[in-house]
Amino acid sequence: MRVSPLLLAALLFACDPTPSVPQDHPNPQPFQPMQVQAAVDVAPAPGFADQTGGGIFATAEGNVIRLRLDGTKAALESHPGNTVTPGRARAVFRMGPGSALVEADNGLFLAQSGWLIAPPWREVLSTGLAATAATPDGAVWLGHASGLYRLQDGALSALKVNGQALEGITTLASAPAEDGSQGLWFLRQETLSVAVRTAPGTWQVRQVTSLPLKEGERVVGLAGLGASEKGKGEAWVLTSERLMRRAADGWRQVALARKPEQLLAAGRFIWVKVDGKLLSHDAEAGTWGEASGVDTREFRFLAADESGCAWVQLGADTVALTRGPIPRVLGLLEGSQVVEDALVVRSRVVPGVAPLSFVYEVAGVEVPVRGPDYSLGGSEADGTPKPYSFVGLEPGLHTLSAVARYADGTEARRSVSFDYQPLSTVALGWDKDIRPIHEARCAKCHDSGPARPLSTYTLWKDNAELIIAAVKDQRMPADGPLDPQLISLIQRWAATGANP
């Protein structure tokens, strides 16, 4: 029997010449992805994808625009309080779950609530941003041509090794280090390293020497898999020859039939471009899928979100790809901490055919709900969504799933991991606990600046709901997200009566 050269090459690649490395053998099942094409020409540059739907991208003309999955769009304008206009936009990077960082001709700007805002620390960095990543301690890391920077508590600081800047970083990924501690993985000059958090505010850089590379093999890409109730976070590494992941028992090879070319991840989802195919891995379900009907000859990843949606460029078109009509969950973000005993959670289904039924699953219990709001707690007589009570839920990691079931027997599921930490009995007060946060992080914009006045206890109490939404989504403060402990403090203060 004669074997074709193409088949022989595939068989040789599937047989790993390094048998000492444990292997995963995916069995991708074909799926027909939903495709939503952008109505504008998007630049071939990184973008930001929002898990509640849509994203922020730079257009081919150099504007910044928000795209939504329903086909609508909206422009972002320079904030009236800016002392400099952004100029032509080049790329967009993730900051928090609901905010992005825009690199433009005139520097870096935060994209928040329809505005492009010049942050106070922008003078430190010029253009040259390559990647961003957020670690669980609330820090946002910026991989810049001039070095690696940590943005935390509104302050920007450089991480150096022996006094030397870490220049030339091309990729960042947040994932546990090899010893299980909090880590930031990065690729620099084809060398893989991880910054390990050894104490609050203290990080140590270690070169990764355990990765079992073959002779001539190089690391070309990185991605971080998020943690959930079902599994820990993981670092995934794309090399010049294969795909590797750092599991609890060490490095494993993901044995694919062809050489992988591009890698992207968000939340518990991994996307891989393999030769002429596009694969998707759902770590929560433990399944692999292969997208059908997607022409990947001219292909580029732009952004991905925690719901499993990937924004890609197919030739001249920008398209959002999802594995099906996945519901979007509103009011609960992936990886967020919940301190309230009750929370309003709703879902938005994909326009088109309405589901036959809709349920939420939490702590092993199914909660049926009705449209059009699909509110977990139901609705008042006037249609106002009711909060759902988490009383009785054990503290710790949990998963809430929104499940739409259709008449043809199919279902679409969105699972959101969250950390439930019930309210403390310690009484909190604005003057003692909240005022210091306001003075350190908020006063510069909200006392005499261009933003909403929030200079007194009364103003904070009256606007508590808006403040909590902004800090939880990491849209505010304008100079970078708050530390998770401070966000929790504000939530607890409001939930226990917003005392003076």
Side-chain angles (χ1 to χ4, degrees), residues 35-79 82 84-119 121-122 125-134 140-146 149 151 169-172 221 262 264-266 271 273 298-305 309-321 473-475 478 480:
Q35 301 187 35
V36 177
Q37 184 171 334
V40 296
D41 292 330
V42 173
F48 164 73
D50 187 338
Q51 61 187 283
T52 63
I56 299 174
F57 301 89
T59 68
E61 293 77 24
N63 299 316
V64 184
I65 194 165
R66 175 175 283 280
L67 298 176
R68 303 185 182 92
L69 288 179
D70 61 3
T72 60
K73 61 182 184 296
L76 281 79
E77 304 292 339
S78 179
H79 195 280
N82 290 343
V84 60
T85 57
R88 185 182 180 87
R90 302 181 179 186
V92 181
F93 299 88
R94 172 183 290 269
M95 283 282 284
S99 63
L101 188 62
V102 177
E103 181 174 89
D105 286 343
N106 293 326
L108 300 175
F109 293 80
L110 293 168
Q112 296 177 342
S113 305
W115 297 108
L116 294 177
I117 302 171
W121 45 263
R122 65 179 298 277
L125 294 178
S126 60
T127 55
L129 196 59
T132 62
V140 175
W141 295 82
L142 312 178
H144 192 268
S146 63
Y149 297 85
L151 177 62
I169 288 176
T170 55
T171 309
L172 296 174
Q262 297 181 41
L264 187 67
W271 289 84
K273 163 73 162 50
E298 297 180 56
F299 179 92
R300 180 189 180 99
F301 282 125
L302 297 178
D305 69 44
C309 173
W311 289 82
V312 304
Q313 281 194 325
L314 305 176
D317 297 330
T318 297
V319 180
L321 301 173
D473 294 351
Q474 297 185 17
R475 291 182 282 108

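Every value quoted in this text rests on a predicted model; they were computed, and no experiment measured them.
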Exercise. Phe57 pairs by ring pair (Phe, Tyr, Trp, His ring centres under 6.0 Å) with which of Phe93, Phe48, Trp311?
Worked result: Trp311
Separation of [Y] [atom2] from [X] [atom1] (nearest 0.5 Å):
X: Arg68; Y: Lys73; atom1: CZ; atom2: NZ; value: 10.5 Å
X: Arg300; Y: Gln262; atom1: CZ; atom2: CD; value: 8.0 Å
X: Ile117; Y: Gln112; atom1: CD1; atom2: CD; value: 5.0 Å

With a 4.5 Å cut-off on side-chain heavy atoms, are [Y] and [X] touching?
X: Arg66; Y: Asp50; result: yes
X: Thr127; Y: Arg90; result: yes
X: Val92; Y: Pro46; result: no
X: Thr59; Y: Asp41; result: no

For this session: Would you indicate whether Asp317, at its atom CG, is surrounded by more than 12 heavy atoms from other residues, nucleotides or ligands within a distance under 6.0 Å?
Result: yes
For this session: Provide the full list of ring-ring contact (aromatic ring centres under 6.0 Å, His included) pairs with a residue in residues 94-119, sequence neighbours left out, each pair given once.
Result: His79-Trp115
Problem set entry | Val312 vs Leu302, side chain to side chain contact (heavy atoms under 4.5 Å, CB included): CA-CA, chis, key distance, verdict | CA-CA 5 Å; Val312 304; Leu302 297 178; 5.8 Å; no
Problem set entry | Val102 and Leu108: CA distance, side-chain angles, deciding distance, side chain to side chain contact (heavy atoms under 4.5 Å, CB included) verdict | CA-CA 6 Å; Val102 177; Leu108 300 175; over 6 Å; no
For this session: Could you check Val319, Ile65, Leu67 and say which one makes a side-chain contact (heavy atoms from CB on, under 4.5 Å) with Val42?
Result: Leu67
For this session: Quick one: sort the His144 and Tyr149 rings into parallel, tilted or perpendicular, breaks at 30° and 60°.
Result: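 His144 and Tyr149: perpendicular rings.
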